[in-house]
Asks: 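Let me give you the structure first, and then I'll get to my questions.
Note that the structure is a prediction, hence the values are computed from the model and not measured.
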Amino acid sequence: MPAERTGWPVGFGRDPAERRAVLVLSALRGQRPADLLALAREEGTAVACLAAIREGRAGSELDVRFSRSLDAARIDGELRSCGARLVVWGSREYPPQLEHLRDPPGWLFVRGASPPIQSGTIAVVGARNCSDLGRELARSFGRELAAAGAVIVSGAARGIDAAAHEGALDVGGRTVAVLGCGIDLAYPPGSRGLLRRIEQEGTIVSEYPPGVPAEPQRFPARNRIIAGLCAALVVVEGRERSGSLISARHALEHGRDVYAVPGAVSNPLSAAPHALIRDGAGLIRHVEDLLSDLELARVLGPAPPPVLTLVEQAALDAMTGPVLPETVARALGVTVAEVVPLLMQLELKGLVRSSGGRFEPRLPLGA
């Protein structure tokens, strides 16, 4: 069966026997995506690829032994148990923008809605151990871009990734989490609740079947999928050797627009954004810069501002910086017991944040 020049062989994984072979190939631990793609182009089908590995003509010694122990029916049962499905190259649900990657995935495992097409899809990535400001910016990007109609893509890690997903969910927007582990796993474990929300309201994607652990080598492969799914990629914070730089390199390699948020030159978390800006990435201060550069404001329309009551607006006006609830209560002439629910409502609307018992305005759009 002839292989497509820039992708996987035509019909790869499409019939029942091919699907069973793909399930086993997907679970192998020693094969990089590029290795499997090269083998597929040589062998022509998933069934032939699996036979080559089981017969010892391809793959590592560990892969040969492991492939013989794997049972496609068991993997299929685990897939159904976690509510996931297999999406193979060239099928209706396979994202067409991934087809142009240098080493596109031959399959994806999906929970939730179908993966999005590229138009209006923005990746927001950055440091796991981010600053409070970075987390706030990422959440603001996720919230405002999703409110404008964009789909937010990230990796579900703690820090910047989680904040971007949460921002999109705050406004009922669509978000996509790309995992670097099995489709059934929550990694890190603290993301379990977030991933449950994303599955219900968006999409979870992984190259790996149930049970595959999160291991360091899987995250660069995960990053190429994040970059491939998006029309543009935004780096909020990252250290000198950040995984965000890997995502950005993948994005640039595949013709995606890359943007970075500058920070203090003395802050180690500014190293990755500054390196990208120095190399030609777009500098953005807030979401309006991104909407303008990508002409998304015209396509998607501006993000609707939150609707405030008169007393909510008065409370917001009373906060010129971090203040105690007592300060806002005095400005409004009400009790602390009355003002605390008001401040919590403003926090739910994404307009203020609380820290150490004090409330302060979040960075406004366009500031």
Asks: Which residues pass the salt bridge (Lys or Arg N to Asp or Glu O under 4.0 Å) test with R358, not counting sequence neighbours?
Replies: none
Asks: Has T121 got a side-chain atom pairing as donor or acceptor with I117's backbone, closer than 3.5 angstrom?
Replies: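 At least one qualifying donor-acceptor pair exists.
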Asks: Would you name the heavy atoms of A221 and Y208 that are closest together and state the gap between them?
Replies: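 Nearest heavy atoms, A221 then Y208: CB-OH, 3.7 Å.
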Asks: Closer than 3.5 angstrom, by distance alone: can the side chain of D63 be matched with the main-chain N or O of G30 as a donor-acceptor pair?
Replies: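 Such a contact is found between D63 side chain and G30 backbone.
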Asks: Going from CG on L86 to CD on E93, what distance comes out if it is rounded to the nearest 0.5 angstrom?
Replies: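 Answer for the CG-CD pair, L86 versus E93, is 10.0 Å.
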Asks: Working to the nearest 0.5 angstrom, can you tell me the gap between W8 CH2 and L36 CG?
Replies: 5.0 Å
Asks: Donor-acceptor check, side chain of R158 to backbone of N129, threshold 3.5 angstrom: yes or no?
Replies: no
Asks: Parallel, tilted or perpendicular: which one describes the rings of F12 and W107, with boundaries at 30° and 60°?
Replies: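 Judged by the thresholds at 30° and 60°, the geometry between F12 and W107 is parallel.
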Asks: Would you find a donor on one side and an acceptor on the other, under 3.5 Å apart, between the side chain of E312 and the backbone of T309?
Replies: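 Answer holds: yes.
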Asks: Please check: side-chain N/O of R239 versus main-chain N/O of A127, any donor-acceptor pairing under 3.5 Å?
Replies: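 Checking the backbone N and O of A127 against the side chain of R239, no donor-acceptor pair under 3.5 Å is found.
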Asks: May I ask you to decide if G155's main-chain N or O and D161's side chain share a donor-acceptor pair within less than 3.5 Å?
Replies: yes
Asks: For residues V22 and A46, report the shortest heavy-atom separation together with the two atoms involved.
Replies: CG2-CB, 3.7 Å
Asks: For a side-chain contact (heavy atoms from CB on, under 4.5 Å) with S244, tell me which candidate from I160, N223, L276, V125 qualifies.
Replies: V125
Asks: With a distance cut-off below 6.0 Å to the six-membered ring centre and an angular limit of 45° from the axis, does R222 pair with Y187 as a cation-pi contact?
Replies: no
Asks: Looking at G59, is its backbone amide N or carbonyl O close enough to the side chain of D35 to form a donor-acceptor pair, meaning the two atoms are under 3.5 Å apart?
Replies: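 No, the answer is negative, given that no donor and acceptor are paired below the 3.5 Å cut-off.
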Asks: Regarding R174 and T203, is there a side-chain donor-to-acceptor distance under 3.5 Å anywhere?
Replies: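 The answer is yes; a qualifying pair exists.
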Asks: To the closest 0.5 Å, what do you measure between CD (Q31) and CG (L37)?
Replies: 11.5 Å
Asks: For E240, I'd like to know if atom CD has over 12 heavy atoms of other residues, nucleotides or ligands within 6.0 Å.
Replies: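 No, the 6.0 Å shell around CD holds no more than 12 heavy atoms from other groups.
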Asks: Is the shortest side-chain N to carboxylate O distance from R57 to E43 below 4.0 Å?
Replies: yes
Asks: Would you tabulate the side-chain donor-acceptor contacts of residues 245-253 under 3.5 Å, counting partners in other chains and residues two or more places apart, or write 'none'?
Replies:
unit_1	atom_1	unit_2	atom_2	d
E253	OE2	R102	NE	2.6
E253	OE2	R102	NH2	3.3

Asks: Looking only at heavy atoms, what is the nearest atom pair of T45 and A48, with distance?
Replies: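 Closest approach of T45 to A48, heavy atoms only: OG1-N, 2.9 Å.
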Asks: What's the shortest heavy-atom distance between A21 and L50, and which atoms?
Replies: CA-CD2, 4.0 Å
Asks: Does the S140 side chain pair with the main chain of E136, one donor and one acceptor, at a distance under 3.5 Å?
Replies: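 Not a single qualifying donor-acceptor pair exists.
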Asks: Output the distance between atom CD1 (I183) and atom CD (E199), rounded to the nearest 0.5 Å.
Replies: 8.0 Å
Asks: Do the side chains of E61 and R65 get close enough for a salt bridge, i.e. N-O under 4.0 angstrom?
Replies: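 A salt bridge links E61 with R65.
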Asks: Taking side chain as C-beta onward, heavy atoms only, is L25 less than 4.5 Å from I53?
Replies: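 Contact flag for L25/I53 side chains = yes.
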Asks: H165 side chain to A156 main-chain N or O, any donor-acceptor pair under 3.5 Å?
Replies: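 Such a contact is found between H165 side chain and A156 backbone.
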Asks: Closer than 3.5 angstrom, by distance alone: can the side chain of R218 be matched with the main-chain N or O of C181 as a donor-acceptor pair?
Replies: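 Flag not set: sc R218 to bb C181 has no pair under 3.5 Å.
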Asks: Rounded to the nearest 0.5 Å, what's the gap from CG on L316 to CG on L346? Could you check?
Replies: 6.0 Å
Asks: Looking only at heavy atoms, what is the nearest atom pair of L23 and I75, with distance?
Replies: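 Smallest interatomic distance, heavy atoms only, reads O-CD1, 3.4 Å.
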Asks: Salt bridge or not between R29 and E215? Use side-chain N to carboxylate O under 4.0 Å.
Replies: no
Asks: What are the two closest non-hydrogen atoms of P210 and D184, and how far apart are they?
Replies: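 Between these two residues, the closest heavy atoms are CA-OD1, 3.0 Å.
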Asks: Drop me the distance from F141's CZ to I152's CD1, to the nearest 0.5 angstrom.
Replies: 10.0 Å
